[in-house]
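All values below were derived from every heavy atom in this structure, side-chain atoms included, with hydrogens, water molecules and symmetry-related copies excluded. Not measured: the values here are computed from a predicted model.
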Amino acid sequence: MSSASPPNSGSGDCQGPAATRHIVLFPSAGMGHLVPFTRLAVALSAGHRCDVTLVTTLPTVSSAESRHIAALFAAFPAVRRTDMDLRLTPFDASAEFPGADPFYVRYEALRRSAPLLLGPLLAGASALVADIALASVAIPVARELHVPCYVFFTASARMLSLKAYFPTYLDARGAGHGHSVGDVDVPGVYRIPSKSVPQALHDPDNIFTRQFIANGRALVASDGLLVNAFEAMEPEAVAALQGGAVVAGLPPVFAVGPLAPVKLGEAGELQGVARRAAAAVGGVRQLRQPQGPGQGPDQRACRGAGSVWPPVFVGGEGRRRGQGRRRRAQRPGRRRRGLLPAARAGPRPGDQVVGGAGRGAAAPGRGVFVSHCRWNSVTEAASSGVPVLAWPRFAYQRVNARVAARAGLGVWVEQWSWEGEEAVVTAEEIAEQVVAAMGDEAVADKAASVREAAGGTSSGGRRHKPPEPGRVRASLPGGTPP
């Protein structure tokens, strides 16, 4: 399918004769989607002087979303706020999707409300940028109103390639295989093992699976795809998507990442997790630094008297929404086996919770970042040159972990279990990998090279290479295609 040609090619800024160009951004739910959308909103508004409206849905699923939205509009009043009140179209998911993840349920509520509520919000819009979770319902609304519709994929280019190809994969397997999902050979990218495919996609009746397939089929009908990735980190996937190798008929694909963090009147994503770490399992924790040999989790980390063990940051989300813990329940006071100190419920003497600006994975020069590999965490680590020890837990995180490992950003132990697998990863295994990652100069050098390619900052705060100024604005009407 041919996409609409971007009109008024020129400087790409929303100025001059096209000063009324109005971009409407329509995110879905969850911080993993909201944060990239707010960064895109600021890039287009403050960076390229476009007239930007961010559609916010009420009520939010989490208080974190509500705080983030409030902080955005307080810091950047030029970004317009338009509320979509889902209470106007009630949706009771308890009977249809019992026990479903509340964020997937919110996607469904948005998808069912969009045909009724989205149209009026597009009055006078020059373009709509819709979240990938809403693609199949937003594109028809925009088309009916003759508004160009772009889809923003907030995760990696490799995951976008799986999203685009998955319906074709299922069609090719035919009815004889039912919905069984094996290894997925994404053309031009690589084979994604069955065990790395998001758990929900193995269940044809899962609410997420239905949405995933519908949105994947709809991509060819959009006017363009924006992906929060950059070519230096995922050259094969970006080239395959842009060259039409993944799916025939895809519209132009623009790699607009990594989008720069936005300073708001709140703790950053990783810093917010850090502040909650003292009261929840998971989070970001800086482990105690030993003052001499033999005092740390592994004496090999210390090289002599008075040495200081480099900080280790453990990123995670604690209890998975709508799912039980993989680990067995423990009786009160019973010691948990096989967990890092960062995975304890509550602080202990000697632990230091990371907080304040410029700390966590976003602080260069750190030892290693143990991460579940949600995409926001990966891109922030890449921009800061912080090596990642990947421990994906669910959803698309194993795909992201492989991206980080292949790019040289860090290490992924593929045998480590995730949700739904019974194997237990011991503290000794984790400590061994942490020490190895911190002591591997090659890993540190590769992480630094990824930082430079991402336009990140050094430990001195100097930006090595600024992001290409036109890659965001060129993707929307008025810009210059690649």
* Asked: With side chains defined as the heavy atoms from C-beta onward, is the minimum distance between Leu389 and Trp416 less than 4.5 Å?
  -> yes
* To do: Would you indicate whether the side-chain heavy atoms of Leu121 and Met84 approach each other to under 4.5 Å?
  => yes
* About how many Å separate CG of Asn228 and CG of Asn376, when rounded to the nearest 0.5 Å? -> 7.0 Å
* Distance (rounded to the nearest 0.5 Å) between Leu128 CG and His22 NE2 -> 10.5 Å
* Can you list every pair that meets side chain to side chain donor-acceptor pair (under 3.5 Å) and has a residue in residues 190-209, with sequence neighbours left out? -> Asp185-Arg191
* For the pair Arg402 (side chain) and Ile192 (backbone), establish whether a donor and an acceptor sit closer than 3.5 Å, ignoring hydrogens and angles. => no
* Structure fact -> OG of Ser66 to NE2 of His68, rounded to nearest 0.5 Å, is 11.5 Å
Taking only distance into account, with no hydrogens and no angle test, what donor-acceptor pairs under 3.5 Å do side-chain atoms of residues 243-255 form with protein atoms, sequence neighbours excluded?
none

* Scan Tyr396, Phe166, Tyr104 and name whichever one has a ring-ring contact (aromatic ring centres under 6.0 Å, His included) with Phe208. => Tyr104
* Take Arg173 and Ser180 through the side chain to side chain donor-acceptor pair (under 3.5 Å) test and state the conclusion after the steps. => CA-CA 9 Å; Arg173 287 179 69 82; Ser180 63; 3.1 Å; yes
* To do: Identify the heavy atoms of Ala240 and Val189 that sit nearest to each other, and give their distance.
  => CB-CG2, 3.9 Å
* Asked: Any salt bridge between Arg80 and Asp51, counting N to O under 4.0 Å?
  -> yes
* Asked: Sub-3.5 Å donor-acceptor pair from the side chain of Trp391 to the main-chain atoms of Ser417, do we have one?
  -> yes
* To the nearest 0.5 Å, tell me how far Leu54 CG sits from Asp83 CG. => 9.5 Å
What pairs of donor and acceptor atoms, side-chain ones from residues 212-219 against any protein atom, are under 3.5 angstrom apart with sequence neighbours left out?
residue: Asn215; atom: OD1; partner: Arg111; partner atom: NH1; Å: 2.9
residue: Asn215; atom: OD1; partner: Ala135; partner atom: N; Å: 3.3
residue: Asn215; atom: OD1; partner: Ser136; partner atom: N; Å: 3.0
residue: Asn215; atom: OD1; partner: Ser136; partner atom: OG; Å: 3.2
residue: Asn215; atom: ND2; partner: Ile132; partner atom: O; Å: 3.2
residue: Asn215; atom: ND2; partner: Ala133; partner atom: O; Å: 3.1
residue: Asn215; atom: ND2; partner: Gln211; partner atom: O; Å: 3.0
residue: Arg217; atom: NH1; partner: Asp171; partner atom: OD2; Å: 3.0
residue: Arg217; atom: NH2; partner: Asp171; partner atom: OD1; Å: 3.0

* To do: Identify the residue among Val52, Leu122, Val147 that makes a side chain to side chain contact (heavy atoms under 4.5 Å, CB included) with Val24.
  => Leu122
* Without swapping roles, check the side chain of Ser45 against the backbone of Ala41 for a donor-acceptor pair under 3.5 Å. => no
* **Ile69 side chain reached by Arg67 side chain, heavy atoms, under 4.5 Å** => no
* **Flag, side chain of Tyr169 to backbone of Gly182, donor-acceptor distance under 3.5 Å** => yes
* Would Trp375 and Thr154 satisfy side chain to side chain contact (heavy atoms under 4.5 Å, CB included), going step by step from the backbone distance to the final call? -> CA-CA 8 Å; Trp375 192 240; Thr154 55; over 6 Å; no
* Which pairs pass salt bridge (charged side-chain N to carboxylate O under 4.0 Å, His left out) with one or both residues in residues 154-166, sequence neighbours excluded? -> Arg158-Glu234, Arg158-Glu236
* **Non-hydrogen side-chain atoms of Asp131 and Phe152 separated by less than 4.5 Å** => no
* **Side-chain touch Thr57/Arg106, heavy atoms, less than 4.5 angstrom** => yes
* Short side-chain to backbone donor-acceptor contact, Gln397 and Arg393, under 3.5 Å -> yes
* Structure fact -> Nearest heavy-atom approach of Val368 to Val388 is CG2-C, 4.3 Å
* To do: Report the C-alpha distance between Val256 and Val227 in whole Å, list the side-chain angles of each, state the deciding distance to 0.1 Å, and finish with yes or no for side chain to side chain contact (heavy atoms under 4.5 Å, CB included).
  => CA-CA 6 Å; Val256 299; Val227 57; over 6 Å; no
* Apply side chain to side chain donor-acceptor pair (under 3.5 Å) to the pair Ser156 and Asn400, showing each step before the final yes or no. => CA-CA 7 Å; Ser156 65; Asn400 293 345; 3.1 Å; yes
* Residues Ser62 and Glu65: side-chain donor-acceptor under 3.5 angstrom -> yes
* **Gap separating the NZ atom of Lys446 from the CZ atom of Arg451, nearest 0.5 angstrom** => 16.0 Å
* **Any Phe76 side-chain heavy atom under 4.5 Å of Leu264 side chain** => yes
* Asked: Are side-chain heavy atoms of Pro198 and Met159 found at a separation under 4.5 Å?
  -> yes
* To do: Output yes when a side-chain donor or acceptor of Arg398 lies under 3.5 Å from a complementary backbone atom of Cys373, and no otherwise.
  => no
* side chain to side chain contact (heavy atoms under 4.5 Å, CB included) between Val184 and Leu162, worked out -> CA-CA 8 Å; Val184 182; Leu162 175 61; 3.9 Å; yes
* To do: Give me the one residue out of Leu72, Leu259, Leu25 that meets side chain to side chain contact (heavy atoms under 4.5 Å, CB included) with Thr38.
  => Leu72
* Asked: Where do Met233 and Leu409 land on the side chain to side chain contact (heavy atoms under 4.5 Å, CB included) test, with the steps shown first?
  -> CA-CA 9 Å; Met233 191 169 182; Leu409 181 60; 3.8 Å; yes
* **For Arg112, all residues meeting salt bridge (Lys or Arg N to Asp or Glu O under 4.0 Å), sequence neighbours excluded** => Glu96, Glu108
* Asked: Cut-off 3.5 Å, side chains only: do Ser28 and His33 have a donor facing an acceptor?
  -> yes
* Where the side chain of Asp223 meets the backbone of Cys149, is there a donor-acceptor pair that is under 3.5 Å apart? -> yes
* Looking at side-chain heavy atoms only, is the closest gap between Leu226 and Phe153 below 4.5 Å? -> no
* Asked: When rounded to the nearest 0.5 angstrom, what distance separates OG in Ser377 from CZ in Phe369?
  -> 4.5 Å
* What residues, two or more places apart in sequence or in another chain, satisfy side chain to side chain donor-acceptor pair (under 3.5 Å) together with Glu429? -> Thr426
* For Glu380, does its backbone N or O pair with a side-chain atom of Ser383 as donor and acceptor, under 3.5 Å? -> no
